[in-house]
Novice: 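Take this structure, written in C-alpha cells, and hold onto it; I'll ask about it next.
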Number of protein chains: 2
Amino acid sequence: MLKITRKVEYALIALRHMQSNKENGLTSAKEIASHYGIPQQLLAKTLQQMARDDIIEAVQGPAGGYRLIANLDLISLKDFFEQLEGPMGLMDCSFDSDCIQIGACNIRVPIQRINNNMRNMFSQMTLQEVTQ
Amino acid sequence: MLKITRKVEYALIALRHMQSNKENGLTSAKEIASHYGIPQQLLAKTLQQMARDDIIEAVQGPAGGYRLIANLDLISLKDFFEQLEGPMGLMDCSFDSDCIQIGACNIRVPIQRINNNMRNMFSQMTLQEVTQ
DNA sequence: GTAAATACGAGTAAAAAAGTCGTATTTATT
DNA sequence: AATAAATACGACTTTTTTACTCGTATTTAC
Ligand code: FES
Ligand code: FES
C-alpha cells in the first residue's frame, strides 16, 4: 500500500533522463527504454501522455523523439501524480462519494484530514526536486 | 495509487468503534462487522492481528470479544501501517534491494528522499488523531 | 518508397488485494 | 457433559488493479 505506480516511476526516470540530456535535443522512447531496461511500449504511452499534458514535446518521424518543455520547478508532485493517475486519495471515498457505508462510517472526517496532509506534502514538492 | 488497504481501513473503523465503546467493555467482531457492513471474517483476522500486536486484547469464549489496551496517543500512523502491512515505501526498491535496474536507476536517491518525507509525515500523526 | 519514429485503442497477463471456507480452540451457559 | 458463541488461523478462491503487449495508423527524414 501507499505505492506509486510503474507508470509514474517510468515517467520520473524519463524526465530526469531528458533533463540531463537537454543539450542533446531529442530523446526517443527506445533510447530511454533500453538504457533503463523498461518496457518500451509502456514507456511510450507514458511519454505520450506527458506530451498531451505539455510537460514534454513530441517530434514525429525518424530521428524524432521527445524534449522537455515545462519548467519542472513549477509543477508540484501532487499535480504531476494526479495528471498521470487521477485524483489522489487514501481511500476511494476520498473523492468518489458513492461509498456504501458512507452513512455509518466513523472515520470519514479524520481520513479526509490525513488525506489533506498528504496532498499538502506532495503539493510542496516539485518535479525539479526529483529530477535534479 | 497511494491508497491504504481495506484491512487498514477496517482496523481504523474498529479502533474508533472500540474507543467510543470503552465503558461497555468488550466488543465482538460480529458487532462491528454488522454495524458498519464489513465482512466479518476479514475484520476478525485484522482484529486478531492487532491483538497479536498488543493494540487490543482478545477474550475468548461466548460473550468474548476485544478491548482496547494500547494508548493510541503513543502509536504513530507509520508504525500502525507498518505493523499491518509491512514496510512502507513508494516503490519496492525503497526497502527491498533486489531491483533489477538498480544499477542504471537515476531516481533512487530522490525517491528515497520523498519516501522519507512521507514516512516522516505519518510518524508525526498518531492513531488518536484518527479515532478521536 | 522505405524505415524509424510517435499515437493510441484494445486486449492479455500478472500481481496484489479482498474475501471465503474449513476447522480448531476456548469458555460461559445450561 | 453438551451446546453454543465467540476467537484463531491457514489455505483457498475471487475480484480488482496494475503491468504489459499487440495491431494498426500516422508522421517525416532520407
Ligand atoms: S468508508 Fe466510505 S466514507 Fe468511510
Ligand atoms: S527502480 Fe529500483 S532503484 Fe530505481
Side-chain angles (χ1 to χ4, degrees), chain A residues 1-11 13-14 18 25-34 36-53 55-67 69 81 84-92 96 99-101, chain B residues 1-11 13-14 18 25-34 36-53 55-67 69 81 84-92 96 99-101:
Chain A
M1 75 169 203
L2 291 172
K3 290 230 182 341
I4 61 174
T5 60
R6 293 246 194 247
K7 189 159 98 178
V8 168
E9 175 184 342
Y10 297 158
I13 290 176
M18 285 187 267
L26 295 172
T27 312
S28 72
K30 188 178 180 181
E31 181 185 332
I32 299 177
S34 66
Y36 297 98
I38 62 191
Q40 178 172 344
Q41 305 255 44
L42 191 49
L43 172 65
K45 288 193 163 188
T46 307
L47 292 168
Q48 284 155 27
Q49 190 171 353
M50 287 197 284
R52 280 193 298 270
D53 291 340
I55 297 172
I56 60 182
E57 175 186 43
V59 174
Q60 289 196 325
Y66 302 89
R67 157 174 45 227
I69 54 169
F81 288 169
L84 286 178
E85 298 287 356
M88 165 188 311
L90 290 171
M91 310 191 329
D92 288 332
D96 164 4
C99 174
I100 312 169
Q101 65 196 41
Chain B
M1 75 169 203
L2 291 173
K3 291 230 181 340
I4 61 174
T5 60
R6 294 243 195 253
K7 188 159 101 181
V8 168
E9 175 185 341
Y10 298 158
I13 289 176
M18 285 188 268
L26 295 172
T27 312
S28 73
K30 188 177 180 181
E31 180 184 333
I32 300 178
S34 66
Y36 298 98
I38 64 191
Q40 178 173 342
Q41 305 253 44
L42 192 48
L43 173 65
K45 287 192 164 189
T46 307
L47 292 167
Q48 285 156 27
Q49 191 170 353
M50 287 198 284
R52 281 193 297 270
D53 291 341
I55 297 172
I56 61 182
E57 176 186 42
V59 175
Q60 288 196 325
Y66 301 89
R67 155 174 47 229
I69 53 168
F81 288 168
L84 286 178
E85 299 286 355
M88 166 187 311
L90 289 171
M91 312 191 328
D92 287 332
D96 165 3
C99 174
I100 312 168
Q101 65 195 42

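Lettering of chains follows the sequences in order, A, B, ..., and the numbering in each one begins at 1.
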Novice: Once you round it to whole Å, what is the distance between P of D:dT18 and OH of A:Tyr10?
Specialist: 14 Å
Novice: Please figure out whether B:Gly65 or A:Pro62 has its closest DNA chain D nucleotide nearer the 5' end.
Specialist: B:Gly65
Novice: By nearest nucleotide on DNA chain C, pick out whichever of B:Gln40 and A:Tyr66 is the more 5' one.
Specialist: A:Tyr66
Novice: Over how many whole Å does the gap from A:Asp92 atom CG to D:dT16 atom P extend?
Specialist: 12 Å
Novice: If you measure from CE on A:Met91 to CZ on B:Arg6, what distance do you get to the nearest 0.5 Å?
Specialist: 8.0 Å
Novice: Could you give the distance from OH (A:Tyr10) to OG1 (A:Thr46), rounded to the nearest 0.5 Å?
Specialist: 9.0 Å
Novice: About how many Å separate CD of B:Gln49 and NZ of B:Lys7, when rounded to the nearest 0.5 Å?
Specialist: 4.0 Å
Novice: To the nearest 0.5 angstrom, please state how far the CD1 atom of A:Ile32 sits from the CD1 atom of A:Ile13.
Specialist: 9.5 Å
Novice: Check A:Ala29 against A:Leu43 and note the closest heavy-atom contact, atom names and distance.
Specialist: O-CD2, 3.5 Å
Novice: Taking the nucleotide of DNA chain C with the closest heavy atom to each, which residue, A:Thr27 or B:Lys7, is nearer the 5' end?
Specialist: A:Thr27
Novice: Could you tell me the separation between the CG atom of B:Leu42 and the C1' atom of D:dA11, rounded to a whole number of Å?
Specialist: 15 Å
Novice: Within the structure shown, what part of the strands sits under 4.0 Å from A:Ala51 by heavy-atom distance: base, sugar-phosphate, or nothing?
Specialist: nothing
Novice: If you find the nucleotide of DNA chain D closest to A:Pro39 and the one closest to A:Val59, which residue's nucleotide is nearer the 5' end?
Specialist: A:Pro39
Novice: Nucleotide range of DNA chain C contacted by chain B, 5' to 3', under 4.0 Å to a heavy atom?
Specialist: C:dA18 to C:dA28
Novice: Kindly determine whether A:Lys3 and B:Asp92 satisfy side-chain contact (heavy atoms from CB on, under 4.5 Å), including the steps that lead there.
Specialist: CA-CA 8 Å; A:Lys3 290 230 182 341; B:Asp92 287 332; 2.8 Å; yes
Novice: To the nearest 0.5 angstrom, please state how far the CE atom of B:Met50 sits from the CG atom of B:Leu84.
Specialist: 6.5 Å
Novice: Taking CG from A:Leu26 and P from D:dT28, how many angstroms apart are they, rounded to a whole number?
Specialist: 13 Å
Novice: Just how far, in rounded Å, is C1' of D:dT16 from CD1 of B:Ile4?
Specialist: 17 Å
Novice: What I want to check is whether an N or O donor and acceptor connect the side chain of A:Lys45 with the base of D:dT21 at under 3.5 Å.
Specialist: yes
Novice: CG of A:Leu43 versus P of D:dA19: gap in Å, rounded?
Specialist: 14 Å
Novice: Find the distance A:Leu84:CG to D:dT18:C1' and express it as a whole number of Å.
Specialist: 14 Å
